[in-house]
Amino acid sequence: MQSGRIGDGRSQGEEADVLQEPCMTRKPWDLDFVAELKEVAALRRVMRLHLGLWGIRELVDAAELCVTELVSNVVMHVGEGTPTTLAVSMRGTYLRIEVHDPDTRALPTLMAARPEVEAGRGMALVDAVAERWGVQLRADRKVTWCELATGLMSPGGHSGGLRVTRAEAMLGLYGAARLPSTQGQTCRVGGPLAEKAAIDVIADLLHWLRHHGCDPDEALDRAQARYDAETEADMATAGRSSLP
């Protein structure tokens, strides 16, 4: 983890290689609100909804915590009733959360989270879950930001790591092969057609296996066993990473 610092958080080389055209559009969004503790629950719900639509539900807990602490920091150090803005976007493959407020003097601080210390504990929590965080000072406002690693292979990709990225690339090639009008282009697969396209791929692969003298049922059993083992390993890894 990197401690908070003044700056915009950009670093060279953080953009992952894009293997295909984006298959999911994650447009930046922002929401103006008045900084009050009673608003936090609504902001958390909005964040949860958007991350669900963006297909990165695994970040919900960390993102909600960051929103809670960044907004609470404004309430505590700038004051209730402060006009504030929550802005969320993708920075490469990182989820970026920003909270804008008009006070350029009250800078967030990171302090040791000792029981007798009240100030700074919120930013210690942000520092614990975020890949990085910092503060931007602009002419008319302060922007406190943090970024969470998504595990995406590309900004427009799906979560799930390399296995899902390979499947997306295959579905794109498959769509291009089936539709002559898309020859030479990468086919975007998403929405309600995604499941049908995936089932078509599986069915054609079973035909291919039978044509080459293999047993499709045995292949399905082996694929299911491998999927179950990999899913179990992923869940175990996620459980270990969530431990304090």
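For clarity, every value in this text was computed on a predicted model and none was experimentally measured.
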In chain order, what residues pass the salt bridge (Lys or Arg N to Asp or Glu O under 4.0 Å) check against Arg226, with sequence neighbours excluded? Glu230
Write down the atom of [X], the atom of [Y], and the distance for their closest heavy-atom approach.
{"X": "Val34", "Y": "Gly81", "answer": "CG1-CA, 3.2 Å"}
{"X": "Trp133", "Y": "Cys146", "answer": "CB-CB, 3.7 Å"}
{"X": "Ala63", "Y": "Leu51", "answer": "CB-CD1, 3.6 Å"}
{"X": "Arg26", "Y": "Ile56", "answer": "NH2-CG2, 4.4 Å"}
{"X": "Leu37", "Y": "Ser72", "answer": "CD2-OG, 3.9 Å"}
{"X": "Leu148", "Y": "Ala130", "answer": "CD2-CA, 3.6 Å"}

Positive for side-chain contact (heavy atoms from CB on, under 4.5 Å) with Trp54, one of Leu152, Leu49, Leu95: Leu95
Among Thr144, Leu59, Leu70, find the residue that satisfies the side-chain contact (heavy atoms from CB on, under 4.5 Å) test when tested with Ile97. Leu70
Say whether, by atom type as modelled, one donor and one acceptor occur between the side chain of Thr150 and the main chain of Thr93 under 3.5 angstrom. yes
If we ignore hydrogens and angles and just use 3.5 Å, is the side chain of His77 paired with the main-chain N or O of Asn73 as donor and acceptor? no
Compare all side-chain heavy atoms of Leu206 with those of Leu220 and state whether any distance is below 4.5 angstrom. yes
Can you find a heavy atom in the side chain of Leu107 that is under 4.5 Å from one in the side chain of Leu137? yes
Heavy-atom count check: over 12 atoms from other residues, nucleotides or ligands less than 6.0 Å from His211 NE2? no
same_hphob_cluster([X], [Y]) at 4.5 Å side-chain heavy-atom cutoff:
{"X": "Val60", "Y": "Val88", "answer": "yes"}
{"X": "Leu43", "Y": "Trp29", "answer": "yes"}
{"X": "Val143", "Y": "Val126", "answer": "no"}
{"X": "Val99", "Y": "Val46", "answer": "yes"}

Hey, what do you get for [atom1] ([X]) to [atom2] ([Y]), rounding to the nearest 0.5 Å?
{"X": "Glu98", "Y": "Asp30", "atom1": "CD", "atom2": "CG", "result": "9.5 Å"}
{"X": "His207", "Y": "Ile202", "atom1": "NE2", "atom2": "CD1", "result": "12.5 Å"}
{"X": "Lys38", "Y": "Glu80", "atom1": "NZ", "atom2": "CD", "result": "8.5 Å"}
{"X": "Gln136", "Y": "Thr104", "atom1": "CD", "atom2": "OG1", "result": "13.5 Å"}
{"X": "Glu147", "Y": "Arg91", "atom1": "CD", "atom2": "CZ", "result": "5.5 Å"}
{"X": "Arg105", "Y": "Asp103", "atom1": "CZ", "atom2": "CG", "result": "5.0 Å"}

Could you go through Arg138 and Asp140, starting from their C-alpha distance and side-chain angles, then the distance that decides it, and tell me whether this counts as side-chain contact (heavy atoms from CB on, under 4.5 Å)? CA-CA 6 Å; Arg138 300 181 181 175; Asp140 59 342; 4.2 Å; yes
Derivation of the side chain to side chain donor-acceptor pair (under 3.5 Å) call for Thr68 and Arg44: CA-CA 7 Å; Thr68 298; Arg44 289 168 62 98; 2.7 Å; yes
Apply side-chain contact (heavy atoms from CB on, under 4.5 Å) to residues Glu64 and Arg48 and explain how you reach the verdict. CA-CA 7 Å; Glu64 287 185 346; Arg48 184 164 58 249; 2.3 Å; yes
Between Asp228 and Gln224, is a side chain to side chain donor-acceptor pair (under 3.5 Å) present by the stated rule, with each step listed? CA-CA 6 Å; Asp228 291 341; Gln224 183 68 51; 3.0 Å; yes
Please assess Val71 against Leu86 for the test side-chain contact (heavy atoms from CB on, under 4.5 Å), listing each intermediate value before the final yes or no. CA-CA 9 Å; Val71 173; Leu86 172 66; 5.8 Å; no
Report the C-alpha separation of Leu125 and Leu65 in whole Å, then their side-chain angles, then the decisive distance to 0.1 Å, and conclude whether the side-chain contact (heavy atoms from CB on, under 4.5 Å) test is met. CA-CA 8 Å; Leu125 291 173; Leu65 183 148; 3.9 Å; yes
Flag for Asp32-Thr85: side-chain donor and acceptor within less than 3.5 Å: yes
With Arg222 as the cation and Tyr227 as the aromatic partner, state whether NZ or CZ is under 6.0 Å from the six-membered ring centre and within 45° of the axis. no
For Thr82, the side chain to side chain contact (heavy atoms under 4.5 Å, CB included) test, sequence neighbours excluded, returns Ala35, Val74, Val78, Thr84, Asp101, Pro102
